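It should be emphasised that the depicted structure is a prediction, and the values quoted were computed from it without experimental measurement. Just follow the structure's listing: the first ligand is 1, and inside any ligand the first atom is 1.
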Amino acid sequence: GFLYMDYVLRFFDYSNFKGWPNKIEEVTYHWGKDKDRFIEEVKRKKIDVLIGNIPATAYETFREIARALPNVRFVPSLDTQFSNKSKENVTRFAWKYNLPIPKTYIYYHRENADKFLKKTNYPKIVKKSYGPSNYGGYFVHKVDSYKEAKALYASKKYHPMYFQDFIPMEADIRVMLIGHKPVCAFWRRAPKGEWLTNTSQGGSMDYMDVPKNVLELAVRTSKAAKAEYWACDVAYGKDGKVRILECATAFAAFPYIRDWIGQYLMWSLSEGRFRKPHMPMFNWEELGKISPNLLRTMRHITFGKYSASYDGSYFGSQKKSYGEGTVYLHELDESYPIFDVKERTSEEWPSEKWNYQDKFKLKSIKSMKVPALKEQEPPEVSGDESAEELVEESAILNKLD
Ligand SMILES: Nc1ncnc2c1ncn2[C@@H]1O[C@H](COP(=O)(O)OP(=O)(O)O)[C@@H](O)[C@H]1O
Ligand SMILES: [Mg+2]
């Protein structure tokens, strides 16, 4: 079945699952108190697999819904969608898996944050943690001094207080993956003299020569999230290092990419009765030459696989400079295989532990007090969590391979 939400743009529909032999149901979540009705409808329709993205504001409710439906597989799983909820969650996910990110500070204890902001160095980037990922840089601010930070927090009242070291960067790169294989990637550069790279803020994009270390980091991140499909934004620093800025299962994608996800899921769920889509590495450099208006209308794009005896396979005969050397594109397809992401039954990020946001809520915006602080210590950034080694991309072992 498809998991839909009222007022939320639909990522999938039937046309993405062309040829699926069984009936595909739909269940729509109506905002408000709709949990029990929703659970009943899923049961009544005898749904085994529920496919769809859950927006931030419904995330905790859906963790409860998923518990009430232990025999329903959510795709992507609630654990995979953990990063959809907040920037804090993205950060905690990255900390757990040693994925490089800008050095990040998260404070529920506002006085402690203030003490820290007095003595730290600037610039810092202040962000609103909670809310749908990718508000186009609207809730992201650069502060150059303690005075500016204090003034910003006084007017914006973001909670928790979430901020990062400022990373001077060339550009950031969006990578989309299916079964841990990169299927599309592009650079986003800030307008001249600016630091925000969001395209909605006038940034430009291009598809050429996305570096190896960026693709590798994206794959590690997707594997850590056990994501059937995934997107991440990687900051390409002026120091040449790569760091995750954002990652989520919900992202804007051309319809042909959603077709590929549908085909991938049909292959995975049918245990091979449907064919795995072939999505050659760096296909985006070629498809990116097509005007976006045309690309938006193109559906079910397929490529022939490389075979040694057939010289008509474009992606088999092309060489590309990659990393330190030059490789055939079809060789890269072997380095970046499509993984079959399997169902998991345990919870990796249970809300009892990880929903700090509700546990350490403000009493009111006016008082700016956090009542729960009397009984419990919030998980503050500590020396080891924000450790410098987390930004060193090369030295880290990939635990997931
Ligand atoms: N730590 C940082 N240092 C420098 N620039 C940053 C940093 N974090 C974010 N940015 C810039 O701000 C943009 C928006 O930040 P992001 O975390 O992606 O939030 P949003 O949800 O608004 O897209 C990024 O694309 C990047 O250009
Ligand atoms: Mg962003």
Exercise. Which atoms of ligand 1 have any heavy atom of Leu196 under 4.0 Å away?
Worked result: 12 (O), 13 (C), 14 (C), 27 (O)
Problem set entry | For Tyr229 against Thr249, the heavy-atom pair lying closest together | CE1-O, 3.2 Å
For this session: Quick one: sort the Phe2 and Phe12 rings into parallel, tilted or perpendicular, breaks at 30° and 60°.
Result: parallel
Exercise. Counting heavy atoms not belonging to Arg344, are there more than 12 under 6.0 Å from its CZ?
Worked result: no
Exercise. Think Lys87 forms a cation-pi with Tyr162, using NZ or CZ under 6.0 Å from the six-ring centre and within 45 degrees of its axis?
Worked result: no
Problem set entry | Distance filter under 4.0 Å to Val140 heavy atoms, resulting ligand 1 atoms | 12 (O), 14 (C), 15 (O), 19 (O), 22 (O)
For this session: May I ask you to decide if the ring planes of Trp230 and Phe93 are parallel, tilted or perpendicular, using 30° and 60° as cut-offs?
Result: perpendicular
Problem set entry | cation_pi(Lys142, Phe166) dist<6.0 Å, angle<=45 | yes
For this session: For ligand 1, indicate whether the residue Phe139 contacts it via side chain, backbone, both or neither (heavy-atom separation under 4.0 Å).
Result: neither
Exercise. Should Asp233 be listed as contacting ligand 1, given a heavy-atom distance under 4.0 Å as the test?
Worked result: no
For this session: Kindly confirm whether the Mg ion (ligand 2) is within less than 2.8 Å of some N/O/S atom in Asp233?
Result: no
Seminar exercise, completed: Atom name of the N, O or S atom of Glu246 nearest to the Mg ion (ligand 2) is OE1
Problem set entry | Side chain, backbone, both or neither: the part of Arg188 lying under 4.0 Å from ligand 1 by heavy atom | neither
Problem set entry | Per-atom contacts of ligand 1 with Phe166, taking only distances under 4.0 Å to non-hydrogen atoms | 3 (N), 4 (C)
For this session: Enumerate the atoms of ligand 1 whose separation from the nearest heavy atom of Asp165 is less than 4.0 angstrom.
Result: 1 (N), 2 (C), 3 (N)
Exercise. Is NZ or CZ of Arg258 both nearer than 6.0 Å to the six-membered ring centre of Phe11 and within 45° of the ring axis?
Worked result: yes
